[in-house]
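To start, the structure itself, in structure tokens.
Sequence lines set the chain letters: A, B, ... in the order given, protein chains first and strands last, and positions in each chain run from 1.
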2 protein chains.
Amino acid sequence: MPDRPNPRAERRQEALSRDRIVATAVELLDADGEQGLTFRALATRLSTGAGAIYWHVANKDELLTAATDAMFVPILDVRRINASPPAKIRTIGLSVFDAMDAHPWIGPQLSRTSWQTSMLELIGQQLQLAGVPAPAQFTAASTLVSFILGASSQNAVNASVRAASGTRSRSDSLGAVADRWARLDPDEYPFVHQIAGAIGEHDDREQFLAGVDLLLTGIGLLGQPTP
Amino acid sequence: MPDRPNPRAERRQEALSRDRIVATAVELLDADGEQGLTFRALATRLSTGAGAIYWHVANKDELLTAATDAMFVPILDVRRINASPPAKIRTIGLSVFDAMDAHPWIGPQLSRTSWQTSMLELIGQQLQLAGVPAPAQFTAASTLVSFILGASSQNAVNASVRAASGTRSRSDSLGAVADRWARLDPDEYPFVHQIAGAIGEHDDREQFLAGVDLLLTGIGLLGQPTP
DNA sequence: ACCTGAACACCGTTCAAGT
DNA sequence: ACCTGAACACCGTTCAAGT
């Protein structure tokens, strides 16, 4: 019988597995974005050869799809929370917003997932519960999904661009943007220039929630915004 | 004096220029997406060497930014149309939607442009004209921008994925999606499954417009949706 | 069954050399 | 001033060979 490795040594050199590969891919993506995910970097971090990965994963496309899917699974747990339909929709929106903020590489990968369908389902159910008339349900649900995914994805990319360009004077919130806007030509950009001063205390997350509320108002689930 | 080329020959072999490079880049992007844009492919199509391009353009990043900017410039002409603020906002939205539908590679490039600011300006001005109260203007404008860019970008990517996967049975509209939805497990996807039959006559563009209207309603510029 | 690592084709970018 | 094309470093993917 040849030497067997000590079973306790697992922690040092765990077996290569699809799950471990995907998890490591997510680490690389979080650290350096899409261009940080490389089969060679992955192999190094897993202390294996580049070719070994192909035994568990068909190609980079499949790897990116699996990594994207992995980010969304936890969000589906929102199903278990207990709240009114509008509150639940807000919570769903916020958890998507936060997930994409934490993993900005997701945005461009969104079309890989069947996740838009899952989200349409979650939100559609809430609209039914809230008594939205049947003919309006589809439009309302798909508009909410578009807004939640679109706004979250843009916020994430903008935030990571801001972070990368080293603007740290006023944290990486809307503040930096406000500074830039204040310097725009007031003749060419009257609205943006004027608004620049007023958004100092705004925060991206609240801004996003306000957008969701605007939609819920249009759908008829909320009272008028500025009474 | 050495031979001079016939001035009429310009059309056969125009001088290399930044504009010509960007225009050719857009052709490649339209044809094969982001992976279709290659310095070698570009050089071949311009019948020049790969290195020549670097005299006019710093690198691929700058080229992609220039290409993206070029797609948005025409949209700004919307400024010249003459209509009520809500109608003008709808028109702005539709022209963005159509531009992204025609050039699906734009979506992931959106963060390159200062175009989000230009759009915020355009829409903000309309909201001011429409009499939206000042404290609500910024939230309303930025929600509209997020929705318009986000929904357009997702529609474009979805549509091009559908087109690429060769689903031609029911054109590349929502029909194909409806078929897939109808086949989902009704227990896991009650809402989506049920809605599948009802969206046969919907069309992506109308769906998008309905979303804009939902927001305009929430903002208070439109009457209630289902009276 | 699972892993190694050299090899291949292709890419962005640079640069000495030309005109 | 502008262009050529070879060269470099790096990437995704394949595959004969190992265990």
Charged N to carboxylate O below 4.0 Å: is that the case for A/D61 and A/R112? yes
Check: B/N158 side chain, B/Q154 main-chain N or O, donor-acceptor pair, under 3.5 Å: yes
Can you give one letter per nucleotide of nucleotides 12-19 of chain C, 5' to 3': B if a protein heavy atom sits under 4.0 Å from the base, S if only from the sugar-phosphate, - if neither? BBB-----
Using the side-chain contact (heavy atoms from CB on, under 4.5 Å) rule, pick out the option among A/L29, A/T68, A/V57 that qualifies with A/L63. A/V57
In whole angstrom, what separates B/L46's CG from D/dC2's P? 16 Å
Specify the separation, in whole Å, of atom CD1 of A/I21 and atom C1' of C/dC3. 11 Å
Backbone N/O of A/V157 and side chain of A/S160: donor-acceptor pair under 3.5 Å: yes
Measure from CG on B/L42 to P on C/dC10 and round the result to the nearest Å. 18 Å
Is it true that the side chains of B/S142 and A/Q207 contain a donor and an acceptor less than 3.5 Å apart? yes
Could you tell me whether A/E62 and A/R18 make a salt bridge, using a distance below 4.0 angstrom between a side-chain N and a carboxylate O? yes
Are any of the side-chain nitrogens in B/E34 or B/K60 under 4.0 Å away from the carboxylate oxygens of its partner? no
A/F97 ring center near A/F208 ring center (under 6.0 Å): yes
Which whole-number value in Å describes the distance from A/R18 CZ to C/dC3 C1'? 18 Å
Pairs counted as Watson-Crick or G-U wobble with both distances under 3.5 Å: what dot-bracket string results for DNA chain D, using | for bases tied to another strand? ||.|||||...|||||.||
Starting at CH2 of A/W55 and ending at C1' of C/dG5, how long is that distance when rounded to a whole Å? 19 Å
